[in-house]
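The next block holds one structure in the form of structure tokens; read it before the comments.
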Amino acid sequence: MSEQYAYLRGGFLPLNDATISVRTHAFLYGTAVFEGIKAYWLPEAGRMGVFRMAEHYKRLLQSAHILGLQPTLTAEQMGDLTVDLIKRNQCQGATYIRPIIYKSDLRIGPILTVDGTQDDFCLFTVPMDGYLDVEKGIHVGVSSWRRLDDNAIPARAKVNGAYVNTALAKTDGHKSGFADMIVLTNQGHVAEGSAMNLFLVRDGQLVTSAITENILEGITRSTIAELAEKELGIKTISRPIDRTELYIADEAFFVGTATEVAPIVKIEHRTVGDGNVGSITQKLKDLYSKATHGLLPKYGDWITQV
Ligand SMILES: Cc1ncc(COP(=O)(O)O)c(C=O)c1O
């Protein structure tokens, strides 16, 4: 692999030199917001393409706004740096891109914005093929950890410190032998997966948790809803989901930038449907893969070519 670079403190540095002080506020208090963006090799164009980059940078700025962080760059500038970094790192296959807006000052005290606080932007890339091993479908559990509430740490913002909640759910699930976990709200409704949104198929319709159920408003979630409606004529209903609906769904799958489309074939001790990857799930998985690789020309504007 060629020498890898990251963007930090206003410039590109060799990855190994892109380090921050132990006193950095974001390290002390988790006061940062981030995105997970994916770029793919586009076989027909013979170059890399970043999937739904504008939507990711829009959400990053919204997350920063919720926390009161002061971004130093616009969405367009962050997008240009992303394209530049992919070129510098000579990425040639599926690549995960991690931009972060973080509190960079060396101040003790958990306050977000007062005079003199500083925020900065950093960016790096990592090769990433599959986040979960999904070919035969995955076996997931329902976590005993509850999703953070909008009035505690808002799930709608992708806050670095909030991923302790994700890590608790995912780690305990992993130790119990599950591929990943479904997390409930404090009211006991289905929120989402540890770091992905969830869809169920019930009677030929797609159902996904409403955005008021302490979920991240996922970009893959809206991509899948659009593909389902336009390509398969299947509508998505966004509403609160009870836990027991998980057990009687015909099909279930996770979606997310890293996860892509991950069919769920078993939830705790119950199979989903007949225990095989569902046909609607498989169609959406194939459509999503084509869309991300630039093979659905109709959706070409979802891709920023590098
Ligand atoms: C908590 C959480 N929910 C959902 C998602 C899926 O969001 P997206 O499709 O925008 O990647 C993610 C992934 O980033 C996540 O961390």
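In listed order, ligands and their atoms are each counted from 1. Values in this document were obtained by computation on a predicted structure and should not be read as measured data.
- Under the side chain to side chain donor-acceptor pair (under 3.5 Å) criterion, the residue pairs touching residues 216-237 are R52-T223, R156-E217, R221-S238, E226-K230, E229-K235, E231-K298, E231-Y299, with sequence neighbours excluded.
- L61 is linked by a side chain to side chain contact (heavy atoms under 4.5 Å, CB included) to P71, A75, M78, I101, counting only residues two or more places apart in sequence or in another chain.
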Measure and list all N/O to N/O distances between ligand 1 and the protein that fall under 3.5 angstrom.
unit_1   : atom_1 : unit_2 : atom_2 : d
ligand 1 : 3 (N)  : E192   : OE1    : 2.7
ligand 1 : 9 (O)  : I219   : N      : 3.3
ligand 1 : 9 (O)  : T220   : N      : 2.9
ligand 1 : 9 (O)  : T220   : OG1    : 2.5
ligand 1 : 10 (O) : R59    : NH1    : 2.7
ligand 1 : 10 (O) : R59    : NH2    : 3.0
ligand 1 : 10 (O) : I219   : N      : 2.7
ligand 1 : 11 (O) : T257   : N      : 3.0
ligand 1 : 11 (O) : T257   : OG1    : 2.5
ligand 1 : 14 (O) : K158   : NZ     : 2.6
ligand 1 : 16 (O) : K158   : NZ     : 3.1
ligand 1 : 16 (O) : Y163   : OH     : 2.5

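- In this structure, a donor-acceptor pair under 3.5 Å is absent between the side chains of Y57 and R59.
- Open room surrounds CD on E44; 12 or fewer heavy atoms of other groups in view lie less than 6.0 Å from it.
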TODO: Applying salt bridge (charged side-chain N to carboxylate O under 4.0 Å, His left out), run through K285 and E260 and close with a yes or a no.
DONE: CA-CA 8 Å; K285 188 169 164 14; E260 300 171 337; over 6 Å; no
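- Residues that satisfy the side chain to side chain contact (heavy atoms under 4.5 Å, CB included) test with V272, not counting sequence neighbours, are A252, I264, I267.
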